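Letters A, B, ... mirror the listed sequences (proteins, then strands); counts begin at 1. Since this is a predicted model, take the numbers as computed values, not measurements.
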There are 2 protein chains.
Amino acid sequence: MNHMVKHSAHLDAVFHALSDPTRRAMLGQLAERECTIGELATPFSMSFAGASKHVRVLERAGLLSRKIRGRIHQCRLQAERLAEAQEWMKRYERFWNVKLDALESLLREEDKQKEKKAKE
Amino acid sequence: MNHMVKHSAHLDAVFHALSDPTRRAMLGQLAERECTIGELATPFSMSFAGASKHVRVLERAGLLSRKIRGRIHQCRLQAERLAEAQEWMKRYERFWNVKLDALESLLREEDKQKEKKAKE
DNA sequence: AGAATGTTTAACCATATGGTTCAATATAAC
DNA sequence: GTTATATTGAACCATATGGTTAAACATTCT
């Protein structure tokens with residue numbers, strides 16, 4: 001847990017970015033290949049300006065980076081912030097992994113061991 | 001993947017709910033114990049009405065359920081939707097788990113072994 | 001140079017958001 | 001029954017959001 005930073009500000013932006021279905025779909029597209037703004041815009045029958053705004057939201061959330069090549073803006077997925085978000089969620093895993101309260105402490109013990117092994 | 005449902009509508013609400021730091025903190029509180037609206041409001045020096053709104057957002061996202069006992073509304077964490085959100089994110093895991101494409105399969109193999117050990 | 005292409009900016013619109021205050025409701029306590 | 005407590009609802013405010021169109025900018029093509 002040494003590498004953890006102050007996630008909170010990031011998390012605001014990341015979760016907000018993920019709360020829109022268009023932006024989630026854009027990320028899905030970017031998971032397959034790098035895309036230009038135009039390529040991101042057309043599947044949603046949305047204006048370029050509209051898509052541009054969504055891309056900026058994703059970019060500010062750190063979920064996307066762009067490489068400007070001439071007039072073309074090539075976008076690629078940037079997933080580290082997703083990892084931070086998932087890490088935040090891990091705190092709540094026991095609430096859906098654990099069906100019986102009686103097993104709770106046992107499973108927490110297992111989690112600790114998992115962490116230990118991951119560090120090795 | 002048989003149990004998967006149409007997540008999209010849920011995800012909008014869940015990620016939106018998570019995008020606010022006050023609400024995330026409320027979930028953190030609820031992870032420790034059930035809370036009344038008042039108990040959720042006081043740590044943030046926020047009006048009861050304000051807290052009530054946040055709680056409703058969490059409730060509509062399915063992250064919280066309330067049991068009304070007299071005048072007191074007892075809230076408890078409801079984590080299934082968080083699980084759905086995390087499942088959505090899993091699609092992107094390979095983008096942060098794998099630093100070098102060449103190592104991708106190797107590292108996935110390691111992950112599998114880690115899981116095995118955790119189950120032992 | 002001039003036209004076409006890819007993207008952003010600016011202005012605008014309707015609605016949502018996060019917050020407040022004050023009144024209303026419902027229950028509990030005296 | 002009156003008062004205190006817990007919560008919601010309504011009205012309001014400032015700002016953000018998701019979208020548009022039209023103009024501006026930058027680059028490429030001819």
Selection from C:dT7, D:dG19, C:dG18 that lies nearest to any side-chain heavy atom of B:H54: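 Closest nucleotide among those given: C:dG18.
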Would you mind reading off the distance between [X] atom [atom1] and [N] atom [atom2], rounded to a whole angstrom?
X	N	atom1	atom2	value
B:H73	D:dG9	NE2	C1'	13 Å
B:K67	C:dT27	NZ	C1'	18 Å
B:K53	C:dT20	NZ	C1'	8 Å
B:F15	D:dG18	CZ	C1'	19 Å

Summary of salt bridge (charged side-chain N to carboxylate O under 4.0 Å, His left out) pairs that have at least one residue in residues 48-57 of chain A, sequence neighbours excluded: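 Those involving residues 48-57 of chain A do not exist here.
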Side chain proximity check, [X] to [Y], heavy atoms < 4.5 angstrom:
X	Y	value
A:Q78	A:L63	no
B:M89	A:L18	yes
A:V14	A:E84	no

Letter per nucleotide, 5' to 3', of nucleotides 21-30 of chain D [B base touched, S only sugar-phosphate touched, - untouched; heavy atoms, 4.0 Å]: B-----BS--
Side-chain N,O (B:R23) to OP1/OP2 (C:dG18) below 4.0 Å: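 Answer yes for this pair, as a side-chain N or O of B:R23 is under 4.0 Å from OP1 or OP2.
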side-chain hydrogen bond (donor to acceptor under 3.5 Å, both in side chains) involving A:E59 - partner list, sequence neighbours excluded: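 Scan of A:E59 (side-chain hydrogen bond (donor to acceptor under 3.5 Å, both in side chains), adjacent residues dropped) gives A:R66.
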Any residue meeting side-chain hydrogen bond (donor to acceptor under 3.5 Å, both in side chains) with B:R24, in chain and number order, not counting sequence neighbours: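 Partners of B:R24 by the side-chain hydrogen bond (donor to acceptor under 3.5 Å, both in side chains) criterion, ordered by chain and then number, come out as A:S8, A:D12.
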Contacting residues from residues 36-46 of chain B, given that a heavy atom lies under 4.0 angstrom of DNA chain D: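 Contacting residues: B:T36, B:I37, B:G38.
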Side-chain (A:R69) to main-chain (A:Q74) donor-acceptor, under 3.5 angstrom: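 Such a contact is absent between A:R69 side chain and A:Q74 backbone.
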Pairs satisfying side chain to side chain donor-acceptor pair (under 3.5 Å), at least one member in residues 35-52 of chain B, at least two apart: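 Non-adjacent pairs meeting side chain to side chain donor-acceptor pair (under 3.5 Å): zero.
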